[in-house]
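These notes are about the structure you will find just below.
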Amino acid sequence: MRKLLQERARLLATIRTFFRSKNILEVETPILSRAGVCDPHLQNLNTYVNSRRFFLQTSPEFAMKRLLSAGSGDIYQIGKAFRNDEAGRLHNPEFTMIEWYRTGFDYRQLMDEVEELVSILLPVKDFERVTWREVYLRATGIDPMQVSTEELKTMVGEVAGQTSRQDLLDLIMAVKVLPALPGAVFIHDYPVDQASMAKIRDGIAERFELVIDGVELANGYTELTDPFEQEQRFRYENQQRRIMGKEEMPLDQHLLEAMQKGLPECAGVAMGFDRLVMLALGKQSLAEVMPFTAEFA
Amino acid sequence: MAKYATNQFKNGLKLIIDGDPYTIVENEVVKPGKGQAFNRIKVKNLKTGRVIERTYKSGETVEGADVMDVELEFLYSDGEYWHFMDPKNYEQIQATATAVEEAAKWLKGQELCEVTLWNGEPLLVTAPNFVELQITETDPGVRGDTASGGSKPATLETGAVVKVPLFVDQGEVIKVDTRTGEYVSRVKD
């Protein structure tokens with residue numbers, strides 16, 4: 001146990017040293033927020049403070065963007081994030097996230113920096129960059145932009161529940177594409193319907209994910225800075241939630257106001273610290289590298 | 001019967017799938033970064049023992065199987081059915097040869113067996129971990145050779161054949177581990 005705690009502490013210290021050397025400022029933002037996350041695949045936990053409902057953040061993204069809009073400059077945070085309904089070998093409802101933002105960067109420059117940090121923390125030297133489309137083609141021979149929904153269905157076998165084309169692509173990504181990716185790979189250039197909070201340029205979402213030995217470690221974007229498009233995306237996601245029978249979430253008006261005042265052009269990335277520890281120690285599950293998972297919390 | 005959502009899936013949970021009772025032997029949540037989560041489970045059919053894989057979109061619900069394990073005493077077999085009795089209320093239940101298949105060769109009567117019931121019907125009968133049975137047939141061992149590790153086949157009163165050490169004789173009662181089918185010791189009165 002002590003060896004694990006030492007390893008976590010050592011990695012945290014190394015990460016902080018890295019950010020200090022880059023002149024990126026450590027910040028802290030609230031875990032509790034009046035606004036939730038609209039993304040239909042993320043579920044907030046919530047609690048009540050003086051009879052008012054607050055949501056536990058699924059990532060510090062919204063608050064950190066408010067700091068950027070207020071002129072913070074480059075910032076990072078290492079803190080707890082919370083996601084309901086996520087438990088498994090690679091998921092725990094409460095986990096530690098490293099998130100940072102670089103003003104004036106685009107996603108390619110940020111990939112370079114992620115590479116720099118990860119190669120200090122893990123024994124990884126070669127990083128490959130493959131587009132989202134290419135990664136499916138390589139692992140499965142299918143072109144995700146062309147393939148029919150019927151063909152996707154035959155690839156995954158029987159699945160209980162209503163599955164959209166996107167659901168099937170997600171499932172194939174999780175069970176066929178990621179396990180077939182050895183080493184460190186940046187998957188980049190996502191289709192616009194998977195832009196999340198990324199800027200869209202030339203019909204491509206400027207988003208990347210870093211996958212190491214099949215484990216998704218980081219997700220980053222050239223950040224969307226347009227407040228109107230941001231609000232539209234939130235509303236669209238809430239509409240998806242409604243169709244899926246999930247609760248619609250209150251929009252983060254503070255974030256939208258901050259973006260109206262002006263979010264500087266920037267790129268940002270979130271990295272799972274517990275998964276990083278897992279990879280550093282050559283373990284197979286988060287339970288082996290977290291002092292207490294939810295089961296024992 | 002209760003329904004279970006995918007976030008309640010765990011090993012040992014009993015479900016009805018395609019009309020048959022199953023038990024979960026492995027449950028994995030897969031979720032790509034910003035995408036839909038799925039539960040991939042391996043389930044064992046409680047009737048046939050066959051293991052299959054199933055994928056559920058997270059949030060789906062599955063009907064639970066009304067399966068329970070009870071201790072019943074084996075009474076007798078009439079050739080077609082195997083008759084058991086609940087020692088608490090003397091209620092009798094009959095099991096098919098399929099349900100008793102694994103346990104049959106160890107049972108002669110009066111053993112307390114674990115019986116898995118589904119909707120009150122026996123699905124699976126498990127013999128006690130240890131049974132004591134008489135040897136009805138085995139070749140005479142070589143006298144004086146008790147220290148060697150040699151063994152020989154012996155037929156028991158239920159028809160089961162187990163390997164026994166050379167010094168064990170016909171007519172003796174031996175203790176057998178039914179999980180491995182191996183000889184444990186002689187039983188001395």
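In the text below, chain A, chain B and the rest are named by the order of the sequence lines, each starting its count at 1.
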Handout entry: Heavy atoms from other residues, nucleotides or ligands near NZ of B:Lys105 exceed 12 (cutoff 6.0 Å)
Key = no

Practice task
Please say whether more than 12 non-hydrogen atoms of neighbouring residues, nucleotides or ligands are located less than 6.0 Å from NZ in B:Lys163.
Solution key: no

Practice task
Taking all heavy atoms of A:Asp39 and all of B:Lys34, pick out the closest pair and write down the distance.
Solution key: OD2-CD, 3.8 Å

Problem - B:Lys31 NZ to A:Leu171 CG distance, which is reported to the nearest 0.5 Å - result: 13.0 Å

Problem - Residue-level contacts of residues 153-166 of chain A with chain B, using a heavy-atom cutoff under 4.5 Å - result: A:Glu158, A:Val159, A:Ala160, A:Gly161, A:Gln162, A:Thr163

Handout entry: Winner by heavy-atom pair count (cut-off under 4.5 Å) against chain B, out of A:Leu42, A:Val175, A:Val177
Key = A:Val175

Practice task
Examine whether an atom of B:Tyr56 lies under 4.5 Å from a heavy atom of chain A, and if so say whether it belongs to the side chain, the backbone or both; otherwise answer neither.
Solution key: both

Fill in the blank from the handout: side-chain contact (heavy atoms from CB on, under 4.5 Å) test vs B:Pro32 passes for just one of A:His41, A:Glu209, A:Gln194, A:Met173, namely A:Met173

Practice task
Tell me, yes or no, whether the heavy-atom count around B:Gln8 atom CD, taken from other residues, nucleotides or ligands under 6.0 Å, exceeds 12.
Solution key: yes

Handout entry: Within 6.0 Å of CD in B:Glu121, more than 12 heavy atoms from elsewhere
Key = no

In residues 124-132 of chain B, what donor-acceptor pairs under 3.5 Å come from side-chain atoms, sequence neighbours left out?
none

Handout entry: A:Phe127 atom CZ, neighbour heavy-atom count above 12 within 6.0 Å
Key = yes

Problem - A:Glu229 CD: over 12 foreign heavy atoms closer than 6.0 Å - result: yes

Exercise for the section: Using non-hydrogen atoms and a 4.5 Å limit, figure out which bit of A:Asp167 sits close to chain B: side chain, backbone, both or neither. Expected result: both

